[in-house]
Every structure is written in C-alpha cells, then in structure tokens.
Amino acid sequence: MELRGKHLIGGRIAAEASTTFQAAVAATGEPLDPPYYEATAAEVDSALRGAESSFDALRGSAPEVRADLLDRIADQIVALGDALLERAHLETGLPLARLTAERGRAVNQMRLFAELLREGSWVEARIDRGQPERQPLPKPDVRRMLIPLGPIVVFGASNFPLAIGVVGTDTVCALAAGCPVVVKGHPAHPGTGEMLGTAVHSALEATGLPLESFSLLHGAGHELGLALVRHPVTRAVAFTGSLRGGRALYDAAAARPDPIPVYAEMGSTNPVFLLPGALEQRAEQIAEGYIGSVTMGVGQFCTNPGIVLGLEAPGLGRFLDAAGRLANATTPATMLHAGIQRTFDAGLERVARTKGVRTIGRSAEPAAGACQAASAVFATDPQTIEAEPHLKEELFGPASIVVQCRDVAEMVRYAESLEGQLTATLHGTEEDLRTYERLVRVLDRKVGRLVFNGFPTGIEVCAAMHHGGPYPATTDPHFTSIGTAAIHRFVRPVCYQGFPDAALPPELRNRNARRIWRLVDNQFTKEDA
Ligand code: NAP
C-alpha cells in the first residue's frame, strides 16, 4: 500500500501541520519516505472528540460484533502480507523471522479476545437477588458488572511494533471492552503504524462500527503524548516504554483536574536466582538458556534477565565459564533506533568501567557508527552492587550482570532490597525450593511473575498470564498488560440496585440469555436467576 505520512482521524486521512519528521532505516540511519506530519492540537482534539462521539455506539454494540471486528482486523493484517513485515524490518531492524512470529502473536491475541467476547463471562456479572421479606430489613436487589471506561489513549511500544504497537494488546483490549482508541504511534516506525491503522479502519468499515472508534496520530515529541493524556475526554492511558516516559505521563494524568489511570509498563531487571541443586546438575544448560534469553531480540525486552544471583557452590564456576564462552560467540546486532543504541552503549561502558566488575564474555564490537549492540556478561559481588546503585538499573539491551553470593543470606538481602519487578526466576530443585523458601516469600512480594527453571522472556499470551508488577515495573501492580485479564484496565464495575429486570443490561437480567458464568446469590452458575 502507498504510505501517505498522514494521521487517520476517524474515517479521515488528515494532516494540517507544517512540520514533519522522518523515520530511518534502523540498520543504516538512512531517512525513510514518506515524511510524517506532526499532529496538531486541533487534530488531537478532533480525534478524541470523535472517540467520545462513537463511545455509545461502540459500547452498545453486541459482543459478537466487536468479536467480528477483532477477527477482521486480524484478517486485514494478514492480508497486508510481506509488505508489512518488510516495512517493519526497515524501521525497527528486527529480523523478518522474528517479525513473522510477532505477527502470529498479534493475530492470535486478536482471535483470543474475540473468543473472550463470544464466551462473555469476562464481564463478571454478580447478582444478589432482593429479599423484600427479610427481617429486620429487606435486602435490596443488587447487581454488578464491568462496563467500559470511554476513550483510551495508547502509546505504541518501540520493541513490539506488531504485538504491542498500533493494534497491539492495548488497542485490542480497549476495543474488545467497547472503548474507542486514539493511538500515538511510536515515532521510530510510523510506516508500520500507518499500515496497521489502515487495517483497523477497513475492519471498522466492514463491521459497520463508527470509524471514529479508532484514530492514529503521529508525532516525534513529548507534547503530542502529553496533550493526549491531558485531554478532558481521555479516560485511561496504556503505555510501554521507559521509566522516564511512563512516569511523565503518569504525573501528567495525576495533575489533571480529574486524574485518570495510566497503565505504564516500564521494565525491570528480572533477577534470576541460581540455587545449588540446579547449578550442580545443569550449570552449562542453564548458561545456554540464560545467554539465549539475554540476547533474544537484541536484549530489547522488558523481561530481559539483567541480573543473575548465583550461590558460590560447585557449578557456579562452570556456569560462568559457559556463559562467558557463549557471550563471546555472539555477534553484534541491529537495535530498534539510534536513541536506544546510544543509551545502551553508554550504560554498557559505565558497567564495564565500574571498579569491582569483571567482563566474563563480550561479543565482537559493532562497526563504528552502526546502530548495533555488542552483547556482554559481567560478574561482580553483592558489596559492589550495593555500592554502585546504577548496576541495579535496567540496561535495555543484550547485557547482564552475575552477582556471586557467598551464602543465601546475601541473596535474600538482595531480594529484600529490590524495587518492584515484572519477574523473578529461580533455578533449583524442588528440594532447593523447600530449603530456600524464605527467598521465594521475599520475591513474591516484589514481582508480578515468578518463573521456576525457565527464563522470563517469551511471554505466553493466555488467561492466567500476569505481565505487571509493583512500581517501578508498572504504575499499577493490580493489572497485566498481556493476556486476556488485560481487558480489566479499561473497564470498571457498576452496580444497579433495585432496577426492573427489563431496564438492566442483558448480562444482569434474570434470564441468562448468553449463558455466561454469573455469581448468583454467591454461587457460580450459567442458569437463569
Ligand atoms: P520511550 O522513550 O519511553 O518512548 C515511548 C513513547 O512515549 C514514545 O511515543 C515517546 O514519544 C513517548 N514519550 C517518552 N517520553 C515522554 C515524555 N516525557 N512525555 C511524553 N511522552 C513521552 O521508549 P522507547 O523510545 O521505546 O525507548 C527508550 C527507552 O525505553 C529504552 O532505552 C528502554 O530503556 C525503554 N523501553 C522499555 C520498554 C519496556 O518494555 N518496558 C520497551 C521499550 C523501551 P516521543 O519520543 O515522541 O516523545
């Protein structure tokens, strides 16, 4: 398809600004056509007013119609074919094989949410039937379910252009819930964003839902994002990116006259704990999985295992040798954009120069000026990491630090000092888990997901997934941004008391026409109430 470099505002293709920006080929830095117009304040207003005007029709649509919308978006994305993957490859540097797999994940997640809507129980209908004759006071008839919030602002992430981008998990959850969406595309891959946005518009047209339910705005500056967050009709915000960006948007939302939620997923160091039983049995095998996880996607995952804590036990030396060898054998690879590469390079050099840190493996250096990352594994001790707090910060790229602990008390102390994390991982035997139970209890207070004998990268998109965690991993530990529970970010409960049956939403009427699971007088049932 021909790219226009313009916004998609409701059904219109629009661009009124005089300023533009250009994406670049990630691998070479060469500018990529077309130039993209920066969204103006009037365009922000138009997109969000349109979203608000479409809300009643979207939330009032039958769940099957929204399920059909999601299936059609998936079909449209597949129909974009190789052109989508090739543009995404140019803009992000991600290999075509990875992008093909990511498109599969994006499309599967749309179909998963379509199934959720067709099944219908996600609205969590609860019915407490009234008892007018109850003594000493009558019991009122009380019924509660989840309803959509209203227009949602989504920030496309740089590192998953398809699965967490313009039509990634955030947009899909919001549309599924019945919320219109305005997306700020990531400025590093606007062409990919435009192709995806067009797919959403074609699907909206085909289902007869209002075109204003979805808009895509482009811009390469903080003002656009802040204007979207501050706009009075915005009801919630979804973001994946840096702590600095997420926190700025969260603060802007909190400073509104009517604060709104910002669900920001901002990353983590994802500590991995190596317990003696596992080290003794399979040190080399763990090292292989570890280096695969550190370098996967050039380390540009929020679940990248940035810190490993290994107990000084037989096997830790073998683990370090194998990890060093494997890191030496990796080759530099293209990063998502020059800003990420510069930050990574500076961070890597700072770690390498820190007194008390040794480099145990490092790939060949990238060619000078290339937007590429070298992979590296470092080793240090608990005292150094305590004295140099920058070592505990996320280094977004293929690098990781192994902390050699003399005893489990040092591991527990480290775990106690952790800020909120998306994940923590334990490698051990079942016996280790019993012996080091204290460590597990400390960790489950700090993280959103605990992994046993695996690695945190490669998140399964499913009903039980929790991709979240205490601050600063996210701004709200109650919610996940991956998996079907992510829909809860864009809904809230409402309770109807004493309403006549016919005036209730279909899910709360006595007749359970959709045969969904409901909690009726404290019993889960699909029967009528
Ligand atoms: P980013 O800088 O956080 O940007 C993400 C989005 O937020 C962009 O649309 C950006 O737009 C906007 N933004 C950033 N700071 C803002 C602010 N202060 N006010 C308003 N809007 C703001 O993320 P990135 O470009 O993807 O990569 C930079 C760093 O983010 C990486 O080095 C890494 O540390 C982290 N990151 C984390 C994850 C994760 O999964 N948690 C994923 C990707 C990146 P503008 O640039 O147009 O303002």
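Note that the structure is a prediction, hence the values are computed from the model and not measured. We count ligands from 1, going down the list as the structure has it; atoms in each ligand are counted the same way.
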Charged N to carboxylate O under 4.0 angstrom, [X] versus [Y]?
X: E115; Y: R111; value: no
X: D170; Y: R489; value: yes
X: E102; Y: R98; value: yes
X: R350; Y: D345; value: no

Counting each atom of ligand 1 from 1 as listed, which ones have a heavy atom of [X] under 4.0 Å away?
X: G267; answer: 41 (N)
X: H337; answer: 24 (P), 25 (O), 27 (O)
X: A220; answer: 47 (O)
X: T240; answer: 39 (C), 40 (O)
X: M266; answer: 41 (N)
X: G219; answer: 47 (O)
X: G245; answer: 14 (C), 15 (N), 16 (C)

Checking P261, C173, P148 against F490 for side chain to side chain contact (heavy atoms under 4.5 Å, CB included), the one that qualifies is C173
Less than 6.0 angstrom separating the ring centers of F160 and F301, yes or no? yes
Looking only at the aromatic ring of each residue, does the gap between the centers of H488 and H478 stay below 6.0 angstrom? no
Which residue owns the protein heavy atom closest to [atom], what's the atom, and how far is it?
atom: atom 37 (C) of ligand 1; answer: G241 O, 3.1 Å
atom: atom 39 (C) of ligand 1; answer: C302 CB, 3.5 Å
atom: atom 6 (C) of ligand 1; answer: F239 CE1, 3.8 Å
atom: atom 46 (O) of ligand 1; answer: P187 CG, 4.0 Å
atom: atom 28 (C) of ligand 1; answer: I340 CG1, 3.9 Å
atom: atom 10 (C) of ligand 1; answer: K184 NZ, 3.9 Å
atom: atom 33 (C) of ligand 1; answer: F396 CG, 3.3 Å
atom: atom 26 (O) of ligand 1; answer: S158 OG, 2.4 Å

Quick look: S242 vs ligand 1, heavy-atom contacts under 4.0 Å, and the answer is both
Any heavy atom of L249 under 4.0 Å from ligand 1? The part involved is side chain
(Q) So, regarding T343 and ligand 1 (criterion: nitrogen or oxygen to nitrogen or oxygen, under 3.5 Å), is there a contact or not? (A) no
Task: Under 3.5 Å: N/O of G221 near N/O of ligand 1 - done: yes
Distance-only check: which donor-acceptor pairs under 3.5 Å involve side-chain atoms of residues 225-232, not counting sequence neighbours?
unit_1: H231; atom_1: ND1; unit_2: V233; atom_2: N; d: 3.2
unit_1: H231; atom_1: NE2; unit_2: D45; atom_2: OD1; d: 2.7

Taking distance alone, no hydrogens or angles, what donor-acceptor pairs closer than 3.5 Å link side-chain atoms of residues 8-20 to residues at least two apart or in another chain?
unit_1: R12; atom_1: NH2; unit_2: S46; atom_2: OG; d: 2.9
unit_1: E16; atom_1: OE2; unit_2: T40; atom_2: OG1; d: 2.6

Per side-chain hydrogen bond (donor to acceptor under 3.5 Å, both in side chains), S268 is matched among K446, E394, Q421, E419 by Q421
ask   = So is G225 in contact with ligand 1, going by heavy-atom distances below 4.0 Å?
value = no
Taking every heavy atom of M266 against every heavy atom of R247, the minimum-distance pair comes out as SD-N, 4.0 Å
- Message: Please tell me whether Y36 and R4 have a donor and an acceptor in their side chains that are separated by less than 3.5 angstrom.
- Response: no
